Amino acid sequence: MDRNTRIAILGGGPAGLSAAMYLEKKGYENYTVFEKNNRVGGKCYSPKYKDGRAYEMGAIMGCPTYFAVQEVMDFTGYGVDGPALVRQYKNKDGKVIDPFSTKNVLNLPHLLRMKNHVKKLCKLLQTKYVGYDINGHRGISQGRYDGYAATKEHQKVSGENPNLKDLMLPFDEFCRINGVEGVKDLWIGPYTSFGYGYFDEIPAAYVLKYLDFDTMMDFMYLRLWTWKDGTQSIWDHLNDKLKHPALLNQEVTKVERHDGKVYITAGNEAPKEFDKLIVTTPLPYFAEYADASAAEKELFSKIDYERYDSMAVEMKPENIPDTSYYIFENMQPERLGHLMVYYKRWKTDDKNQPITTYTLRNHKGQKVLDYEGTKKQVLEDLKTMSNPAENVILECENYYFPHIFTEDYQAGWYEKVEGMQGENNTFYAGEIMSFGDMEEVAEYSRDLVERFFAD
């Protein structure tokens, strides 16, 4: 492809900025990134508190298996420099517990079962499910894998494996048919509490491509990365390093594709002409403002998303928790709308910082909970935890983790969308094409550029 090709990128989050970086590395410099907000980073959102320190309203952490994020940091010269993460657990009544303690003999049968199931799953992933951790979803419904390995070397791999079709089942069912139900008690912490839905509804592919075995062990043993200025700073640094930083406050209101060209209208400005388009923003919204084809409209209408809300609160010094807390009982569908985790970012003796809360409001087959009602419930839950809030200083109501369900996955949704890559000079990337975390979307952008913009 001509290196002077004019490329429009919709979205200045991790997916869009990574796409720009990888295009630059391939020699493409005639690109434009459109971002509707006044900042980059998407759901990596790290506002500053009144003392100037960053707190998190979206993504919190990374880990050593985040190879694409490491590549971004290498490109920018930025590194991991944030506070160490610690955590404890409470039950729904606010009592501090340790569900993984071997000191309580009543825990031992449960812990032994979980340990054995984790070992069994590890073996299954290495043998029965070879290819499970390849970035993206193409080929799964056909029993094959095709992409780049989740390793630092990023080698190209492909192969046939009919067992991969099991990944389209809800994670609950996947665990049941493989006799590893006990792993759910471990995987749920960094999965459901981080807003990615419930195991009885979400296909196993999403769970295991995000929390592949090595990544899950990093989370378990707290081998985690944070950044002093928050996860947003990764993408701020990348944006500053790019030859063409994202255009901020540029909400795209129209996309027209005809005569071999792409025309982008942002706000009230005149349309701009491009040769290619990379869409990293939510595809259901794209279908509303673009000249979407019938196939695009039909496929994008299948996408659902999580109503995952974060809220930063201030507390009296005596009420600030000593650490972050996870509430496993509130990560079940029957406790929908309750506080699942609340996050204290800075060291335990620091009494001057906001605390961030996280909760889900939707579950397949149930009515979406009211936002204001859920907010009140979370504030009540903080009282139950003995950490009542004084003030709410910031709220985020997110379009979070777009995904499809088992029936559409099995019907070849991903094969159909991947088959449309390049039609109308349009390419699709972002969360729905991989997973809703910064590593997976950055990795998919690298994959996309390798497939369609390499020599």
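In this text, all values refer to a predicted model and were calculated from it rather than measured experimentally. Residues: numbered from 1 along the sequence shown.
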| task | Ignoring hydrogens and angles, tell me if any N or O in the side chain of Thr231 forms a donor-acceptor pair with the backbone of Trp227 under 3.5 Å. | result | no
| request: Please assess Lys184 against Asp172 for the test salt bridge (charged side-chain N to carboxylate O under 4.0 Å, His left out), listing each intermediate value before the final yes or no. | output: CA-CA 8 Å; Lys184 294 184 292 183; Asp172 265 359; 3.0 Å; yes
| field | Donor-acceptor side-chain pairing of Gln366 and Asn362 below 3.5 angstrom | value | no
| field | Residue pair Leu394 / Pro47: nearest heavy atoms and the distance that separates them | value | CD2-CG, 3.7 Å
| With no hydrogens and no angle check, do the side chains of Tyr132 and Asn163 hold a donor and an acceptor under 3.5 Å apart? | no
| query | Can you find a side-chain donor-acceptor pair between Glu56 and Thr356 that sits under 3.5 Å? | reply | no
| message | Check this for me: does any side-chain nitrogen of one of Arg39 and Glu35 sit under 4.0 Å from a carboxylate oxygen of the other? | response | no
| query | Do Val180 and Leu124 pass the side-chain contact (heavy atoms from CB on, under 4.5 Å) test, and can you show the C-alpha distance, the side-chain angles, and the key distance before you say yes or no? | reply | CA-CA 10 Å; Val180 293; Leu124 287 168; 4.2 Å; yes
| query | Does a salt bridge link Asp447 with Arg138, judged by any charged N lying under 4.0 Å from a carboxylate O? | reply | yes
| task | Indicate whether any N or O donor in one side chain lies under 3.5 Å from an N or O acceptor in the other, for Thr215 and Asp212. | result | yes
| Going from OG1 on Thr192 to NE2 on His363, what distance comes out if it is rounded to the nearest 0.5 angstrom? | 9.5 Å
| message | Under 4.0 Å between a side-chain nitrogen and a carboxylate oxygen: does that hold for Lys375 and Asp309? | response | no
| note | From the list Tyr358, Phe435, Tyr45, Tyr196, ring pair (Phe, Tyr, Trp, His ring centres under 6.0 Å) with Tyr400 holds only for Tyr196
| task | Say whether Asp185 and His110, considering side chains only, have a donor N or O and an acceptor N or O under 3.5 Å apart. | result | yes
| message | If you apply the rule ring-ring contact (aromatic ring centres under 6.0 Å, His included), what do you find for Tyr343 with Tyr55, and how did you get there? | response | CA-CA 10 Å; Tyr343 175 52; Tyr55 61 99; 9.9 Å; no
| message | Do Arg345 and Pro83 have side chains that approach each other closer than 4.5 Å (heavy atoms only, starting at C-beta)? | response | yes
| task | Locate the shortest heavy-atom distance separating Asn398 from Tyr308; write the atom from each residue and the value. | result | ND2-O, 3.1 Å
| remark: Correct closest heavy-atom pair for Cys44 and Trp235 would be SG-NE1, 3.5 Å
| message | Looking only at the side chains, is there a donor atom on one of Glu296 and Tyr428 sitting less than 3.5 Å from an acceptor on the other? | response | yes
| message | Strictly distance-based, threshold 3.5 Å: is any side-chain N or O of Thr65 a donor or acceptor partner for the main-chain N or O of Asp214? | response | no
| request: Before accepting this row, confirm whether a basic side-chain N of the pair Glu407/Lys364 lies closer than 4.0 Å to the acidic partner's carboxylate O. | output: yes
| message | Strictly distance-based, threshold 3.5 Å: is any side-chain N or O of Thr406 a donor or acceptor partner for the main-chain N or O of Met168? | response | yes
| query | Gln421 and Glu418: side-chain donor and acceptor closer than 3.5 Å? | reply | yes
| task | Verify whether one side chain among Tyr129 and Asp166 offers a donor that lies under 3.5 Å from an acceptor in the other. | result | yes
| query | Under a 4.5 Å cut-off applied to non-hydrogen side-chain atoms, are Ile303 and Phe405 in contact? | reply | no
| said: Ignoring hydrogens and geometry beyond distance, is a side-chain donor-acceptor pair present between Tyr371 and Glu395 at under 3.5 Å? | reply: yes
| Can you find a side-chain donor-acceptor pair between Arg87 and Tyr89 that sits under 3.5 Å? | yes
| field | Salt bridge Arg361-Glu397, side-chain N to carboxylate O under 4.0 Å | value | yes
| Do Phe199 and Tyr191 make the cut of ring centroids closer than 6.0 angstrom? | yes
| Point-to-point distance, once rounded to the nearest 0.5 Å, from CG of Leu10 to OH of Tyr289 | 5.0 Å
| said: Strictly below 4.0 Å, N to O, side chains only: are Arg53 and Asp51 in salt-bridge contact? | reply: yes
| field | Sub-6.0 Å ring centroid separation between Tyr285 and Tyr399 | value | yes
| task | Taking the six-membered ring for Trp and the single ring otherwise, decide whether the centroids of His137 and Tyr206 are under 6.0 Å apart. | result | yes
| Do we get Arg307 above Tyr305's six-membered ring, with its NZ or CZ under 6.0 Å from the centre and within 45° of the axis? | yes
| query | Any chance the side chains of Thr151 and Gln155 put a donor and an acceptor closer than 3.5 Å? | reply | yes
| task | Please step through side-chain contact (heavy atoms from CB on, under 4.5 Å) for the pair Ile320 and Ile355, ending with a clear verdict. | result | CA-CA 8 Å; Ile320 291 181; Ile355 302 299; 4.2 Å; yes
| query | Between CG of Leu211 and CD1 of Ile188, what distance do you get to the nearest 0.5 Å? | reply | 11.5 Å
| query | Side chain of Ser46, backbone of Gln232: donor and acceptor closer than 3.5 Å? | reply | yes
| Nearest 0.5 Å, what's the OG-CG distance between Ser233 and Asn239? | 12.5 Å
| said: Determine whether Val252 and Phe286 satisfy the following criterion, side-chain contact (heavy atoms from CB on, under 4.5 Å), listing intermediate values before the conclusion. | reply: CA-CA 9 Å; Val252 173; Phe286 176 76; over 6 Å; no
| Is it the case that Tyr22 and Glu71 place a side-chain donor and acceptor less than 3.5 Å from each other? | yes
| Val72 vs Ser18 side-chain heavy atoms within contact, under 4.5 Å | yes
| request: Determine whether Val279 and Phe427 make a side-chain contact, defined as any pair of heavy atoms from C-beta on separated by less than 4.5 Å. | output: no
| note | All heavy atoms of Ile134 vs all of Ala149, minimum pair found to be CD1-CA, 3.9 Å
| field | Note, Leu186 side chain near Met220 side chain (heavy atom, < 4.5 Å) | value | yes
| said: If we count only N and O atoms by modelled type, under 3.5 Å, do the side chains of His403 and Tyr409 hold a donor and an acceptor together? | reply: no
| request: Taking atom types as modelled, find out whether Glu314 and Tyr49 have a side-chain donor-acceptor pair closer than 3.5 angstrom. | output: yes
| So, does Asp381 use its side chain to make a donor-acceptor pair with the main chain of Leu339 at under 3.5 Å? | yes
| Taking side chain as C-beta onward, heavy atoms only, is Ser324 less than 4.5 Å from Val86? | no
| Does a donor on one side chain and an acceptor on the other come within less than 3.5 Å for Ser141 and Gln410? | no
| Distance (rounded to the nearest 0.5 Å) between Lys50 NZ and Asn352 CG | 6.0 Å
| query | Any side-chain heavy atom of Lys128 within less than 4.5 Å of one from Lys123? | reply | no
| said: So, taking the atom named CG in Leu242 and the one named CG in Leu17, what distance separates them when rounded to the nearest 0.5 Å? | reply: 6.0 Å
| request: Flag this pair as yes if the NZ/CZ of Lys152 is under 6.0 angstrom from the six-membered ring centre of Phe67 and inside a 45 degree cone about the axis; otherwise no. | output: no
| task | Could you verify whether a donor N or O on one side chain and an acceptor N or O on the other, from Lys90 and Asn387, lie under 3.5 Å apart? | result | yes
| request: Taking all heavy atoms of Ile278 and all of Ala429, pick out the closest pair and write down the distance. | output: CG2-CB, 4.4 Å
| field | Considering all heavy atoms, the nearest Asn319-Pro388 contact | value | ND2-CG, 3.6 Å
| Does the side chain of Asn178 reach to within under 4.5 Å of the side chain of Leu121, using non-hydrogen atoms? | no
